[in-house]
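To start, the structure itself, in structure tokens.
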Amino acid sequence: MDKLTLTNHIKDIDLKNKMFKVIDKANRCLKNYDIRYTEFLNPYEVNNAISILNSFNDLKYSFDGGFDGAERCVVSIYPHYMEHDDVEAGIKFLQVEGNFKFKSISHKDYLGAILNLGIKREKIGDIIIHDDFCQVVVDKEICDFLIINLEKVSRNTVRVTEISRDELVMSEPKYKEKSMTVQSERLDCVISAVYDISRQDSQKYINSSKVNVNFECISSKTRTIKSGDLISVRGKGRIEIEDIGEQTKKGRLKLKVRLLV
């Protein structure tokens, strides 16, 4: 299938390039009659991949993030005559343990330690944080590499072992609630209020492709934000819009958000 035709509707260059890779894998699957795996994709990317793969008549696909509700998933692409149970998982699971009594270790610390080894973000799935360890879903190709080479997280010595899917232990994300007022539901207004930066600075983040709304890269500062939206600003974290309420007497909107900590 022609890559340009299938991705003609996609304007974001990074997303288009990722979908090019999906199409390449689908074409190779058709040619070689084997199983192909994408890298980890976020929900917006998965939806785009599914839309494209539905254009192929002789293929099947499934997606797997390791557990129900996983944010990042690998898409398995395989010939139409195969069943899902015949497809080997493209992911593995690691547990990272250390002595973290004197310092709280965050998602950012674990991810940073892995990326500092030269691993691409697309090779890492969800990271499940606990008090003294974390569990990481990874591309099966880098599992052994991480076991051997991941030795420290935030200056703390760690031990990395492979675990089974059944050993994953879920944890609830930790949020900090914050209430404020905003001038309008525009994206730049919301970012400015939440992160306590100027409107000009919030627009710089948007113009630099550092802002995602519901995992989609947004380049328009006038994008309207609504309750339930998930906003991430690179380098500043992620927020969930809990409620956009009534206007105050001064004509501003009440806004309640949850910041992921």
Dump the intermediate steps for side-chain hydrogen bond (donor to acceptor under 3.5 Å, both in side chains) on N8 and T5, then the final yes or no. CA-CA 5 Å; N8 186 52; T5 300; over 6 Å; no
How long is the straight-line distance from [atom2] of [Y] back to [atom1] of [X], given to the nearest 0.5 Å?
X	Y	atom1	atom2	answer
I119	L111	CD1	CG	11.0 Å
D188	Q183	CG	CD	9.0 Å
E97	D132	CD	CG	7.5 Å
T7	D2	OG1	CG	8.0 Å
L230	F215	CG	CZ	5.0 Å
I197	S202	CD1	OG	5.5 Å

Test your reading of the model: is there a side-chain donor-acceptor pair from [X] to the backbone of [Y], 3.5 Å cut-off?
X	Y	answer
E216	V213	no
R234	S209	yes
D126	R72	yes

With sequence neighbours excluded, what pairs up with E162 under the side chain to side chain donor-acceptor pair (under 3.5 Å) test? none
Per the salt bridge (Lys or Arg N to Asp or Glu O under 4.0 Å) rule, which among R258, K176, K226 passes with E240? R258
Do [X] and [Y] have side-chain heavy atoms sitting under 4.5 Å apart?
X	Y	answer
E122	K21	no
Q203	I191	no
L30	L59	yes
V257	M180	yes
Q95	H130	no
V75	L53	yes
L255	E185	no
I128	F67	yes

Are more than 12 heavy atoms, taken from residues, nucleotides or ligands other than [X], located less than 6.0 Å from that residue's [atom1] atom?
X	atom1	result
K178	NZ	yes
R121	CZ	yes
N54	CG	yes
Y195	OH	yes
N32	CG	yes
K256	NZ	no

Which heavy-atom pair separates [X] from [Y] by the least distance, and what is that distance?
X	Y	result
T38	I77	CG2-CD1, 4.3 Å
K152	V158	N-CG2, 3.8 Å
S219	N207	O-OD1, 4.3 Å
Y61	I50	OH-CG2, 3.1 Å

Evaluate the criterion side chain to side chain contact (heavy atoms under 4.5 Å, CB included) for residue pair F56 and L6; output intermediate values, then yes/no. CA-CA 11 Å; F56 291 79; L6 290 173; 4.0 Å; yes
Distance-only donor-acceptor pairs under 3.5 Å for side chains of residues 78-85, two or more places apart:
none

By the definition side chain to side chain donor-acceptor pair (under 3.5 Å), identify the one residue from R252, Q247, K250 that meets it with T181. R252
Does a salt bridge link [X] with [Y], judged by any charged N lying under 4.0 Å from a carboxylate O?
X	Y	value
R238	E71	yes
R165	D64	yes
K3	D24	yes

Side-chain heavy atoms nearer than 4.5 Å, only ILVMFWY residues, links allowed to pass through others: does that put V233 and L187 together? yes
Please table the atom pairs, donor to acceptor, closer than 3.5 Å between any side-chain atom in residues 139-147 and protein atoms at least two apart or in another chain.
unit_1 : atom_1 : unit_2 : atom_2 : d
D139   : OD1    : E141   : N      : 2.8
D139   : OD2    : K123   : NZ     : 3.4

